[in-house]
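Below: the structure, in structure tokens.
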Number of protein chains: 2
Amino acid sequence: MIDAETRLDEHPDDHKDETRLWLRLLTCATMIESEIRSRLRRDFGVTLPRFDLMAQLEKAPDGLTLGALSRRMMVSNGNVTGLVQSLLRDGMVERIAQPTDRRTTSVRLTEAGHASFAAMAAAHGAWLGAMFARVPAPDRAALMATLAALKTSVRADVKEP
Amino acid sequence: MIDAETRLDEHPDDHKDETRLWLRLLTCATMIESEIRSRLRRDFGVTLPRFDLMAQLEKAPDGLTLGALSRRMMVSNGNVTGLVQSLLRDGMVERIAQPTDRRTTSVRLTEAGHASFAAMAAAHGAWLGAMFARVPAPDRAALMATLAALKTSVRADVKEP
DNA sequence: CGCTGATTCTTTAAGCTTGAAAGAAAGCCG
DNA sequence: CGGCTTTCTTTCAAGCTTAAAGAATCAGCG
């Protein structure tokens with residue numbers, strides 16, 4: 001039993017540590033996301049998914065295809081279809097005719113969309129600044145680096161069968 | 001303009017750093033959550049919210065009220081009602097008569113629920129172990145600590161007007 | 001040219017989620 | 001005791017989300 005117990009000390013099979021770490025990460029993300037969601041609704045009458053979509057378009061002045069939006073937002077294709085349709089109704093985004101490939105339809109922010117997003121982005125940044133305020137600057141830098149490593153680690157595991 | 005520029009160097013008003021940090025945290029959480037969601041569906045035919053609810057009950061052998069479940073899972077009350085109803089139909093949980101307070105209804109895992117959850121939890125732990133495998137152990141410890149600080153920081157900001 | 005397969009978007013059904021409102025039950029207090 | 005507040009659960013509408021299936025287009029190839 002020495003082998004089993006020795007391995008247990010250093011590489012426990014129950015993965016309790018990883019599970020706790022994951023739950024803590026999830027708790028932080030959920031807390032922040034819930035708070036941002038409710039503030040966006042309260043102060044701007046907008047849902048979080050629509051804000052996220054507009055944020056992607058803000059970073060791409062030439063517009064994005066629905067597929068590109070789907071990949072960047074890490075949501076399904078059909079999801080993006082519905083979000084774009086509702087943003088079209090509200091006049092926040094517009095479609096761009098695509099002569100080269102008629103399967104794709106690109107989308108970009110309208111003037112109204114840019115203006116609306118600018119106001120929300122300012123508040124959004126201020127909220128995050130306040131939420132992170134009590135985390136020391138060096139810890140933030142370390143967090144940024146470790147999360148990059150985690151992203152790489154997860155991606156490697158997902159890609160391998 | 002010296003004041004403004006000086007302040008900009010040390011406390012930029014756009015909160016770009018905090019926003020990037022938040023987006024990276026969100027990306028990690030979303031990647032892991034999506035992967036776990038699809039594996040739970042593929043291997044066990046169960047949805048992530050139901051797994052989460054069963055995980056809470058597993059940690060509370062005496063059962064939990066719906067309100068306690070709602071707070072621990074950080075979701076709305078009505079959400080828990082629906083999840084419990086569908087788990088009741090599947091025989092995974094059972095209600096406990098509560099003589100002291102007839103407003104509350106406690107819920108706990110059935111035998112079938114315990115057995116079903118045990119199999120899923122083992123796989124769940126193994127998945128997380130693999131996803132975190134490429135993150136060095138010291139970094140994990142630091143991550144754990146910094147996330148605790150972040151949790152405190154966010155909670156403090158949320159509670160204050 | 002026509003065929004085949006891949007890509008892209010849309011649609012559909014089922015389930016999840018919130019926020020708000022309603023109802024039931026308990027506790028408090030004059 | 002009666003009224004008030006709080007707590008807990010449920011219901012409801014609107015919107016989000018996924019997975020899977022379908023439709024349209026493109027690209028390559030015989």
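Naming convention: chains lettered A, B, ... in sequence-line order (proteins, then strands); numbering from 1 in each chain.
Counting to the nearest Å, the P atom of dT18(D) and the CD1 atom of Ile36(B) are 15 Å from each other. dC16(D) atom C1' lies 12 Å from atom CG of Asp52(A), rounded to whole Å. The CG atom of Leu83(A) sits 9 Å away from the C1' atom of dG15(D) (whole-angstrom rounding). Leu69(A) has its CG atom 16 Å from the C1' atom of dT17(D), to the nearest Å. One interatomic measurement links the two molecules: CD of Gln98(A) to C1' of dA24(D), which rounds to 16 Å at whole-angstrom precision. Between the CZ atom of Arg50(A) and the C1' atom of dA14(D) there is a distance of 10 Å, given to the nearest Å. Between Arg42(B) atom CZ and dT18(D) atom P there is a gap of 17 Å when expressed in whole angstrom units.
When atom types are taken as modelled, the side chain of Ser34(B) and the backbone of Thr30(B) share a donor-acceptor pair closer than 3.5 angstrom. Within the 3.5 Å criterion, the main-chain N or O of Glu94(B) finds no donor-acceptor partner in the side chain of Arg108(B). At distances below 3.5 Å, at least one donor-acceptor pair connects side-chain atoms of Thr19(B) with backbone N or O atoms of His15(B). With hydrogens and angles ignored, the 3.5 Å screen pairs a side-chain donor or acceptor of Asp101(B) with a backbone N or O of Arg103(B). Side chain of Thr65(B) to main chain of Thr104(B): no donor-acceptor pair is present (N/O by atom type, distance under 3.5 Å, no hydrogens or angles). Checking side-chain atoms of Arg140(B) against main-chain N and O of Phe132(B) turns up a donor-acceptor pair under 3.5 Å. Distance alone, capped at 3.5 Å, places no donor-acceptor pair between the Thr146(A) side chain and the Leu143(A) backbone.
Electrostatic pairing of Arg134(B) and Asp157(A) does not count as a salt bridge here, judged by no charged N lying under 4.0 Å from a carboxylate O. A salt bridge does not link Lys16(B) to Asp14(B): none of the charged nitrogens lies less than 4.0 Å from a carboxylate oxygen.
If you check every strand for non-hydrogen atoms under 4.0 Å, Ser38(A) touches sugar and phosphate atoms only. Within the nucleic acid shown, Ser86(A) has no heavy atom closer than 4.0 Å to any nucleic acid atom. Within 4.0 Å of Ser76(B), counting heavy atoms only, lies at least one base atom of the nucleic acid. Residue-level contact check: Arg37(B) touches neither bases nor backbone, having no heavy atom under 4.0 Å from any strand.
The span of DNA chain C lying next to chain B, judged by atoms under 4.0 Å from heavy atoms, is bounded 5' to 3' by dC16(C) to dA26(C).
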Q.
Walk along nucleotides 4-13 of chain D from 5' to 3' and tag each nucleotide B, S or - by protein heavy-atom contact under 4.0 Å, base first, then sugar-phosphate.
A. --BBSBBB--
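For Phe44(A) and Phe51(A), the ring centers are positioned 6.0 Å apart or more.
Side chains of Asn77(A) and Ser70(A): a donor-acceptor N/O pair is present below 3.5 angstrom, by distance only.
When the C1' atoms of four end pairs are superposed on the next four at each end of the helix from dC1(C)-dG30(D) to dG30(C)-dC1(D), using five pairs per end, the two resulting axes differ in direction by 10°, to 10°.
Contact annotation: Arg102(A) side-chain N/O to dC26(D) OP1/OP2 distance is under 4.0 Å.
Linking ILVMFWY side-chain heavy atoms closer than 4.5 Å, directly or via other members, places Val93(A) and Ile96(A) in two distinct hydrophobic clusters.
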